[in-house]
Amino acid sequence: MQLHEPILCPVSVSAGRLGQASGRYTKQLSDLNGLYEDQTAFAAALSAGDGIVYEVTDYRPSANAGDLIFGVTRMEPGRIGDEFYLTRGHIHARADRPEIYYGEAGQGVMLLESPEGEIRALPIGPRDICYVPPFWIHRSVNIGSTELVMSFMYPADSGQDYAIIDRAGGMRQRVVADGQGWALRDNTLYRPRHRDDIAALYAANSKNEM
Ligand SMILES: O=P(O)(O)OC[C@H]1O[C@H](O)[C@H](O)[C@@H](O)[C@@H]1O
Ligand SMILES: [Fe+2]
């Protein structure tokens with residue numbers, strides 16, 4: 001049996017990166033076109049500079065069921081109009097796979113939506129663990145004025161399905177600035193999923209249905 005070599009990956013909280021990472025990607029503002037409600041504010045922000053909004057460094061030992069992928073997400077603070085910077089968001093391609101996030105620095109909100117369209121918004125800060133159960137669509141939002149850094153871990157065969165959010169016109173609610181804090185506001189572009197699509201999602205992942 002050829003075993004994978006054990007590895008220790010240091011998390012640099014100040015750099016917002018995983019040491020010994022096997023993969024890295026960044027998303028610039030131009031990659032996030034269509035995510036925000038205020039198109040005019042988006043165009044203005046883009047013309048001021050197409051900066052990196054978030055960076056993901058991870059370690060992927062394999063894609064085998066039972067293995068784990070882990071890494072670090074670093075997100076800049078910022079807003080488009082009154083909407084805070086966010087990740088694209090996804091449901092796992094194998095939708096019954098969960099995820100763990102661990103707050104390292106900054107203040108975030110984990111925005112979750114069930115296939116039926118129920119929303120949960122969980123504030124996450126340093127040393128908080130957020131459990132994303134199977135079947136929840138998830139994205140992270142930086143509600144602070146400093147970088148948001150979070151570690152994450154999920155089953156290696158999870159995969160990511162981004163189209164589920166696109167098809168619905170986004171998530172049902174948006175995380176917006178409200179005084180010094182944040183609030184949820186309905187997404188006017190949202191189209192609820194048809195119940196046949198919801199049933200198909202659960203049926204395709206029926207083995208460990210919750
Ligand atoms: O995949 P995105 O929506 O771009 O989010 C960026 C990343 O956020 C977290 O770190 C997740 O664990 C990753 O799986 C995800 O890729
Ligand atoms: Fe995920």
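In listed order, ligands and their atoms are each counted from 1. Source: prediction; values computed, not measured.
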Could you label the plane-to-plane angle of the His138 and His90 rings as parallel, tilted or perpendicular, counting under 30° as parallel and over 60° as perpendicular?
perpendicular
Is a salt bridge present between Glu113 and Arg172, judged by a nitrogen-to-oxygen distance below 4.0 Å?
no
Is there a nitrogen or oxygen of Gly89 sitting under 3.5 Å from a nitrogen or oxygen of ligand 1?
yes
Return yes if a side-chain donor-acceptor contact under 3.5 Å exists between Ser151 and Glu104, otherwise no.
yes
Inter- and intrachain pairs under ring-ring contact (aromatic ring centres under 6.0 Å, His included), touching residues 66-85, at least two apart:
Tyr59-Phe70
Given 3.5 Å as the limit, does a donor-acceptor pair link the side chain of Arg193 with the main chain of Ile198, or not?
no
Any N/O pair Thr73/ligand 1 closer than 3.5 Å
yes
Students should be able to answer this: which protein heavy-atom is nearest to atom 1 (O) of ligand 1, and at what distance?
Tyr162 OH, 2.5 Å
Hey, does the side chain of Gln28 reach the backbone of Asp50 with a donor-acceptor pair shorter than 3.5 angstrom?
yes
Regarding Tyr54 and Glu147, do their side chains bring together a donor and an acceptor under 3.5 Å, going by distance alone?
no
Can you confirm whether the side chains of Asn187 and Arg174 place a donor and an acceptor under 3.5 Å from each other?
yes
Does Tyr25, backbone or side chain, put an N or O under 3.5 Å from an N or O of ligand 1?
yes
Please report which non-hydrogen protein atom sits nearest to atom 5 (O) of ligand 1, along with the residue it belongs to and the distance in Å to one decimal place.
Thr87 CB, 3.7 Å
So which heavy atom in the protein is nearest atom 4 (O) of ligand 1, and how far is it from that ligand atom?
Tyr54 OH, 2.5 Å
Gln160, portion touching ligand 1 at heavy-atom distance under 4.0 Å:
side chain
Looking at ligand 1, does His90 have a heavy atom less than 4.0 Å from it?
yes
In terms of residue, atom name and distance, what is the protein heavy atom nearest to atom 12 (O) of ligand 1?
Glu99 OE2, 2.2 Å
Closer than 4.0 Å to some heavy atom of Val56 - which atoms of ligand 1 meet that?
6 (C), 7 (C)
Ion pair Asp96/Arg94, N-O distance below 4.0 Å:
no
Okay, side chain of Asp157, backbone of Ala63: is any donor-acceptor separation there less than 3.5 Å?
no
Which segment of Lys27 sits under 4.0 Å of ligand 1 when only heavy atoms are counted
neither
I'd like to know if Arg97 pairs up with Glu99 as an ion pair, taking the criterion as any Lys NZ or Arg NE/NH1/NH2 lying under 4.0 Å from an Asp or Glu carboxylate oxygen.
no
Please give me the protein atoms (N, O or S only) lying under 2.8 Å from the Fe ion (ligand 2), ordered by chain and number.
His90 NE2, His92 NE2, Glu99 OE1, His138 NE2
